[in-house]
Amino acid sequence: MTSVQVEQHDKGPGEGTTGEGGDGYHRTLGARQIQMIAIGGAIGTGLFLGAGKAISKAGPSLILAYAIAGLVIFFIMRALGELLMYRPVAGSFSDYAREFLGPFWGYATGWTYWLFWVVTGITEVTAAAKYMAYWTHDSFPQWAYALIFTVVLYAANLISVKLFGELEFWFSMVKVTAIVGMILICAGILTIGFSDAAATASVSNLWNDGGFFPKGIGGTLMTLQIVVFAFLAVELVGVTAGESKDPEKTLPKAINTVPWRIAVFYVGALIMILSVVPWHEFQPGVSPFVAAFEKMGLGVGAAIVNFVVLTAALSSCNSGMYSTGRMLRDLALNGQGPKFFTRLTKNGTPLVGTSFSAALMLVGVWINYVAPGKAFDYVVSFATISGMWAWIMILVCQIRYRARADRGELPASPFRAPGSPYSSWFALAFIGMVIVMMGADKDARVSLYCAPLWGLILGVSYLLLKQRNPQGAAFTKR
């Protein structure tokens with residue numbers, strides 16, 4: 001039998017959750033695990049698989065798109081850091097929205113972020129199943145791989161948060177090592193001239209093959225959805241706040257690594273790859289890292305990188321399993337979700353919430369069964385729009401919090417976002433531009449059609465819950 005416990009959720013503004021068992025969770029995530037979760041959160045399928053399509057659409061100018069988006073991500077993360085140091089909580093996004101915008105916004109943010117990770121989990125198991133085809137050549141059905149990966153990661157997440165942290169640490173270590181190794185190999189080809197790609201390898205490939213903007217500025221703008229998707233989940237470090245051993249030290253340190261992470265893993269890696277292999281040789285749906293090794297004539301290297309991108313996809317799905325259970329539990333503890341989601345195992349894992357989310361992720365198995373060739377494209381755009389909602393809420397809440405802190409109504413955070421509120425407004429404007437570009441893309445437009453429907457579902461369900469208990473704490477602003 002699985003033992004469970006139900007904890008009360010009673011936190012006031014300015015109140016941290018230091019010590020063991022904040023909100024009933026076990027604070028077992030150490031500094032090295034938080035660092036690698038933060039690093040790994042920015043390295044996933046969006047880079048390893050989605051970049052192939054983006055390169056074919058924008059050419060070398062994709063480097064600039066990643067750099068600008070990376071700056072925006074830094075502003076978002078510093079805004080989140082300011083909120084986390086004001087009050088570190090496990091359900092950070094929905095909890096801040098609840099405090100600074102009102103109970104409905106906390107409700108909408110929590111459920112939308114939960115949906116984002118369910119959809120992302122489907123995306124990632126789809127990508128992992130596609131990577132397996134590199135070795136099996138379709139001799140084993142794609143949907144079966146998706147099923148196996150979903151079940152294994154679900155089981156791992158039920159054991160303990162410490163195991164989750166260890167899995168993420170090693171998943172991230174593999175990804176980081178692979179990208180650094182790729183950069184070094186490309187640097188060796190450019191300087192020493194080994195491998196089959198040496199004859200055409202040159203930094204001039206960044207501008208000589210149709211220019212830096214071979215598809216025009218419009219082509220670059222159309223890749224913003226793919227670029228943003230690559231950065232989704234970087235905010236996951238905020239969800240770990242309730243289970244970090246020393247959040248006041250580990251979280252700011254992890255957030256401050258964002259600039260060099262983006263500079264090395266995205267901008268640096270793409271500069272090297274596109275210098276060694278001309279951009280027009282990359283194809284949508286094929287990992288540019290795997291394709292680059294094949295062009296270099298390093299077949300073993302391509303197999304290794306395929307293993308790495310497989311771990312990247314599994315890492316992201318693992319994070320999804322972790323975060324969905326916590327978001328559902330936070331909603332339940334605040335009266336905005338079924339009470340049975342509050343249950344924890346004796347190891348401090350949200351059993352019911354994780355199980356419910358994993359069951360919905362099995363929809364990905366069905367998608368891989370009926371449409372294995374289009375499964376990734378079907379879900380990536382909806383994951384992007386739902387994931388950006390968390391960023392919008394982080395920025396708006398930080399703007400609200402800073403205004404109240406400057407008036408002396410709330411304690412000032414020791415980790416203030418630089419350039420705020422202007423940096424936060426700039427980030428909001430960038431997100432707005434991405435949404436506009438998604439509307440101009442026929443493949444991504446479907447997610448914008450789904451967003452109002454999801455908003456209607458949230459609005460109606462919220463009103464029904466409020467009607468049942470209009471005076472409940474879940475429906476009255478603090």
Side-chain angles (χ1 to χ4, degrees), residues 36-55 57-58 62-81 93 112-113 116-117 119-121 123-124 127 168 172 175-176 179 220-239 254-270 288 309 312-313 315-317 319-320 323 376 379-395 417 423-424 426-435 437-438 444 447:
M36 294 308 288
I37 287 171
I39 292 173
I43 309 171
T45 307
L47 172 63
F48 286 120
L49 182 61
K53 182 178 181 180
I55 290 171
K57 281 190 171 185
L62 181 64
I63 297 168
L64 180 62
Y66 273 114
I68 295 173
L71 177 64
V72 171
I73 295 302
F74 177 64
F75 290 153
I76 293 171
M77 292 301 292
R78 284 302 300 261
L80 174 60
F93 317 130
T112 300
Y113 195 65
F116 158 68
W117 271 114
V119 175
T120 298
T123 305
E124 301 298 358
E168 280 307 290
S172 297
K175 292 186 285 187
V176 169
I179 294 180
T220 307
L221 291 176
M222 293 302 291
T223 65
L224 288 179
Q225 176 210 345
I226 302 172
V227 170
V228 166
F229 177 75
F231 288 118
L232 292 177
V234 70
E235 76 289 333
L236 178 66
V237 68
V239 182
I255 289 170
N256 279 334
T257 63
V258 169
W260 71 260
R261 276 187 270 149
I262 293 170
V264 173
F265 301 129
Y266 283 87
V267 177
L270 286 175
V309 295
S315 168
S316 186
C317 187
S319 297
S323 59
F376 185 80
V379 294
V380 67
S381 59
F382 191 75
T384 302
I385 194 70
S386 57
M388 285 193 297
W389 179 258
W391 294 354
I392 293 171
M393 287 295 100
I394 289 169
L395 293 164
S423 57
S424 295
F426 173 78
L428 285 170
F430 178 85
I431 293 172
M433 182 177 66
V434 173
I435 294 173
M437 298 312 300
M438 290 177 68
S447 64

Please give me the minimum heavy-atom distance between [X] and [Y], naming the atom from each residue.
X	Y	answer
Val227	Ala69	CG1-CB, 3.5 Å
Ala427	Leu395	CB-CD1, 3.6 Å
Ala54	Thr223	O-CG2, 3.7 Å

Legend entry - Those residues that, when tested against Ala269, pass side-chain contact (heavy atoms from CB on, under 4.5 Å) (two or more places apart):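 With neighbours one apart ignored, the set is Ile179, Ile183, Phe289.
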Inset, instruction - Quick one: do Ile431 and Ile392 satisfy side-chain contact (heavy atoms from CB on, under 4.5 Å)? Show the steps, please. - result: CA-CA 8 Å; Ile431 293 172; Ile392 293 171; 3.9 Å; yes
Are any non-hydrogen side-chain atoms of [X] and [Y] less than 4.5 angstrom apart?
X	Y	value
Phe265	Val176	yes
Met438	Met388	yes
Met437	Gln225	no
Ile435	Ile385	yes

Donor-acceptor contacts under 3.5 Å from residues 72-79 side chains, at least two apart:
residue: Arg78; atom: NH1; partner: Asn256; partner atom: OD1; Å: 3.2
residue: Arg78; atom: NH2; partner: Arg416; partner atom: O; Å: 2.7

Legend entry - Test side-chain contact (heavy atoms from CB on, under 4.5 Å) applied to Leu71 and Phe430, step by step: CA-CA 10 Å; Leu71 177 64; Phe430 178 85; over 6 Å; no
Which value, rounded to the nearest 0.5 Å, describes the distance between [X] atom [atom1] and [Y] atom [atom2]?
X	Y	atom1	atom2	value
Leu270	Ile55	CG	CD1	5.5 Å
Ile68	Ile63	CD1	CD1	12.0 Å
Thr112	Met393	OG1	CE	9.0 Å

Legend entry - Set of side-chain hydrogen bond (donor to acceptor under 3.5 Å, both in side chains) partners for Ser424, sequence neighbours left out: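 Partners of Ser424 by the side-chain hydrogen bond (donor to acceptor under 3.5 Å, both in side chains) criterion, ordered by chain and then number, come out as Gln398.
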Inset, instruction - Sequence neighbours left out, what passes ring pair (Phe, Tyr, Trp, His ring centres under 6.0 Å) with Phe116? Give chain and number order. - result: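 Phe116: ring pair (Phe, Tyr, Trp, His ring centres under 6.0 Å) contacts with Tyr113.
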Legend entry - Plane angle bin for Tyr66 and Phe231 - parallel if under 30°, tilted between 30 and 60°, otherwise perpendicular: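 The rings of Phe231 and Tyr66 stand perpendicular, inter-plane angle above 60°.
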